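Residue numbers run from 1 in the order of the sequence given. Basis for what follows: all heavy atoms, side chains included, without hydrogens, waters or symmetry-related copies. Remember, it's a predicted structure, so these values are computed and weren't measured experimentally.
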Amino acid sequence: MTKPAVPADAAAPTDTPPRQLTDCYSGLPTAPRIGHPESRLSSPIAWHTGVFPADPATRRPYTPRPAMTDGPASSPRHPTSGGQLADLLAELPIRPEAPLMVHASLSGTGLSPTQVRDALLDVLGPLGTLVVPAFTPENSDTSRAHRALVAHLSVAEAEDFRESMPPFEPDATPCPSMGALAECVRTTPGAVRSDHPQTSLAAIGSRAGELLAGHDPHCHLGERSPLARLYAADAQVLLLRVGFEVCSAFHLAEYRMTPRPPQRLYRCVVGDKGNWITYADLTLDDGDFAEAGARLPDELLARRKWAGKPVTLFGMRAAVDDVRDQLSRYRLRNDLN
């Protein structure tokens with residue numbers, strides 16, 4: 001269905017916006033084609049960004065390919081077709097006016113990240129905002145990701161690797177460990193990304209700049225991060241074929257526990273190659289997130305299945321509050337044992 005055009009300047013203004021990203025996620029199999037009959041402003045990307053990449057041969061703007069092609073109306077939908085995903089999203093109580101934070105695993109769905117991104121933008125409409133984690137745990141010398149990278153190296157080689165690590169750049173550093181959808185959103189023309197060198201978020205939509213601005217580099221996912229603004233904005237969270245163990249919103253609950261967890265030192269590269277900085281922040285632990293999610297009341301959750309795996313939608317406020325209370329009870333008890 002063709003959506004009404006929305007002016008590119010309709011996005012909410014922000015005093016300190018994150019950098020606007022312009023690099024295109026060009027390696028996907030559903031590359032846009034030139035000359036599609038739809039208006040340029042009718043595509044989901046156009047509604048949310050007002051940015052149209054150019055064809056590399058002609059340098060003329062093109063229209064993104066339609067997100068879904070389901071064949072004749074009489075033909076049955078394949079279990080992993082774009083039409084089945086569109087039906088699933090339409091069934092879920094997604095509120096277009098609320099920001100939607102998505103964690104996803106697309107392996108085995110038969111859909112490209114571009115198709116899934118466009119399906120999400122379609123259900124959100126021109127006023128919605130799609131948010132994904134764009135974390136870079138590789139930018140560290142203590143993370144599991146970094147240890148895996150240097151596991152096969154000698155001590156001298158590991159030190160050389162550490163000294164040669166490039167700094168975090170919001171408009172260029174990829175987020176490979178976050179999955180294909182997150183990287184697709186991050187590289188969508190017109191997307192914005194917060195500035196934290198290890199736990200940035202990326203977003204597309206009318207409130208992207210407002211929600212992601214001012215991410216304190218010494219606060220991963222607490223009160224001075226976009227998670228607190230998403231909570232205040234009554235955001236929803238969609239776990240698309242993944243479980244609660246990857247739910248980043250639960251980290252905000254850690255910052256709000258009573259008593260608060262201890263702090264630890266973190267290190268990362270910023271500014272220039274080899275420029276390591278050290279800062280203190282909360283000791284984050286996602287090891288019990290799956291258990292905390294399993295304890296959430298059923299009435300907070302909308303559950304479905306897609307391509308053989310669970311899909312869960314919930315409001316961020318109620319879930320974070322519940323998990324905060326859970327962690328405050330049993331983490332303290334476990335720490336004392």
Ignoring hydrogens, what is the shortest heavy-atom contact between [X] and [Y]? Give both atom names and the distance.
X: Arg331; Y: Glu254; answer: NH1-OE2, 2.7 Å
X: Pro126; Y: Ser206; answer: O-CB, 4.3 Å
X: Asn139; Y: Pro197; answer: ND2-O, 3.2 Å

Donor-acceptor pairs are to be reported for all side-chain atoms of residues 96-106 against protein atoms at under 3.5 Å, with residues two or more places apart or in another chain.
from, atom 1, to, atom 2, distance (Å)
His103, ND1, Val246, O, 3.2
His103, NE2, Ser248, N, 3.3

Is [Y] close to [X] at the side-chain level, that is, under 4.5 Å between some pair of heavy atoms?
X: Ser143; Y: Tyr266; value: no
X: Leu88; Y: Leu85; value: yes
X: His218; Y: Asp281; value: no

Would you check if the distance from the ring center of His251 to the ring center of Phe289 is below 6.0 Å?
-> yes
Would you check if the side chain of [X] reaches a backbone N or O of [Y] as a donor-acceptor pair within less than 3.5 Å?
X: His196; Y: His215; result: no
X: Ser225; Y: Cys219; result: no
X: Ser194; Y: Leu201; result: yes

Using salt bridge (charged side-chain N to carboxylate O under 4.0 Å, His left out) as the criterion, list what pairs up with Arg229, not counting sequence neighbours.
-> none
Fit a plane to each ring of Phe314 and Phe244, take the angle between them on a 0 to 90° scale, and name the class: parallel (under 30°), tilted (30 to 60°) or perpendicular (over 60°).
-> tilted
Parallel, tilted or perpendicular: rings of Trp276 and His146 (30°, 60°) | perpendicular
Pair Ser200, Arg186: side-chain N/O donor-acceptor within cut-off below 3.5 Å = no
Tell me yes or no: between the side chains of Arg241 and Thr109, is some donor less than 3.5 Å from an acceptor?
-> no
Evaluate whether atom CZ of Arg304 has more than 12 neighbouring non-hydrogen atoms of other residues, nucleotides or ligands under 6.0 angstrom away.
-> yes
